[in-house]
There are 2 protein chains.
Amino acid sequence: MRLSTRGKYGLYAMHYLAQHEHEGPQSLSRIASVGIPKQYLEQLLGSLRRNGLIHSVRGANGGYQIAKPSEEITVLDILDAMEGPLALSDCIADDRCCAKATKCRVRHTWERLTVNINRELASVSLKDML
Amino acid sequence: MRLSTRGKYGLYAMHYLAQHEHEGPQSLSRIASVGIPKQYLEQLLGSLRRNGLIHSVRGANGGYQIAKPSEEITVLDILDAMEGPLALSDCIADDRCCAKATKCRVRHTWERLTVNINRELASVSLKDML
DNA sequence: CGATACCATAGTAATCTGGTCGGGTATCAG
DNA sequence: CTGATACCCGACCAGATTACTATGGTATCG
């Protein structure tokens, strides 16, 4: 169970944007300078934007900014945006999968663990990372 | 960030074996009856065995048994065996990756989260799942 | 109007996933 | 001893995902 580079890059990018929270829009090139391939990062920022975590300014002198104060953005928000929600294969995401769902102890266990892990991820904000 | 079927099947299989802890070796076919493709499961049981979570008995009337009492086997043990350890891409697993490692706040954050998530996974034993 | 910089889609090589297949080897029953 | 049972192991394979790259478009500033 490992985090993809999408998640890693997402965290790096958001960390950079939080550092420059009040300095106006930061261009793609600036953000990429922390060590992320530019064109790939462009896609990732698109995901972050569509999930409401950042907003963008087009045109010359444009760039990206975080959409909320850094203490209101959590690691969970970022990872969910970059990799989709934490789930046990398709089973937990889809209620119908396990016919004997209510009797499925494994599933029940995994649901509890998922809640706890998500709480853990939600307990760290961007601001905490600075 | 989702768990693969390897992890799911691993949990199912270990749960089955824990249920039949003192009933002698359980054959591959028996275990597979919970809904896992037989030949695929055979591979997965190999991983569990090489990680010391189960042991096998060859020959007629052979099969698999858990190698330790069910209260000594945790969900973390099983997921680590099936999917490898939780890591942030290759960065956390490999100390040399991040040149400015000590200054890398993102990495530090992720290390703390990893420890907490692992603790969470280690807090549930097979016995708890029964 | 043209340089800057975001937006969107498509392609792509490498890797991973979720299997299947075939041929071993160990053990027990008769 | 022999055959049936059942684990062991490596190879193979189609399809999905990952991590990019490429190209062309659109908005905005000066």
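When reading the values below, keep in mind they use all heavy atoms of this one structure, side chains included, and skip hydrogens, waters and symmetry mates. Residue numbers start from 1 in every chain, and the chains themselves are labelled A, B, ... in the order their sequence lines are given, proteins ahead of strands.
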*Where the side chain of T5(A) is defined as all heavy atoms beyond and including C-beta, which of dG18(C), dA19(D), dC6(C) is the nearest nucleotide?*
dA19(D)

*Under 4.0 angstrom, heavy atoms only, what part of the nucleic acid is R30(A) near: base, sugar-phosphate, or nothing?*
nothing

*With heavy atoms under 4.0 Å as the rule, sort G46(B) into base, sugar-phosphate or nothing.*
nothing

Roughly, in whole Å, what's the span from [atom1] in [X] to [atom2] in [N]?
X      : N       : atom1 : atom2 : value
Q65(B) : dA6(D)  : CD    : C1'   : 14 Å
L3(A)  : dT18(D) : CG    : P     : 11 Å
Y64(A) : dA5(C)  : OH    : P     : 12 Å
L44(A) : dA8(C)  : CG    : P     : 14 Å
I31(B) : dC7(D)  : CD1   : C1'   : 11 Å
I36(B) : dG18(C) : CD1   : P     : 13 Å
L28(A) : dA5(C)  : CG    : P     : 10 Å
R6(A)  : dT17(D) : CZ    : P     : 12 Å

Return the minimal non-hydrogen interatomic distance between [X] and [Y], and the atom names on each side.
X      : Y      : answer
Q26(B) : R30(B) : OE1-NH1, 2.8 Å
E83(A) : S4(A)  : OE2-OG, 3.2 Å
G52(B) : K68(B) : O-CE, 4.3 Å
Y64(A) : L17(A) : O-CD2, 3.5 Å

*When you check every protein heavy atom under 4.0 Å of nucleotides 20-30 of chain C, what one-letter string (B, S, -) results, 5' to 3'?*
BB--BBBBS--

*asked:* A side-chain contact here means heavy atoms from C-beta on lying under 4.5 Å apart; do H108(A) and R112(A) qualify?
replied: yes

*Under 4.5 Å between any side-chain heavy atoms of I117(B) and L121(A), yes or no?*
yes

*Backbone of S125(B) reached by a side-chain donor or acceptor of D128(B) within 3.5 Å*: yes

*Listed by chain and number, what are the side-chain contact (heavy atoms from CB on, under 4.5 Å) partners of P37(A), not counting sequence neighbours?*
Y9(A), Y40(A)

_So, does R50(A) get its side chain near the phosphate of dA8(C), meaning an N or O under 4.0 Å from OP1 or OP2?_
yes

*Sorted by number, the residues of residues 13-26 of chain B with heavy-atom contact under 4.0 Å to DNA chain C*: none

*Following the transitive rule for hydrophobic clusters with a side-chain heavy-atom cut-off under 4.5 Å over Ile, Leu, Val, Met, Phe, Trp and Tyr, establish whether L86(B) and V124(B) coincide in one cluster.*
yes

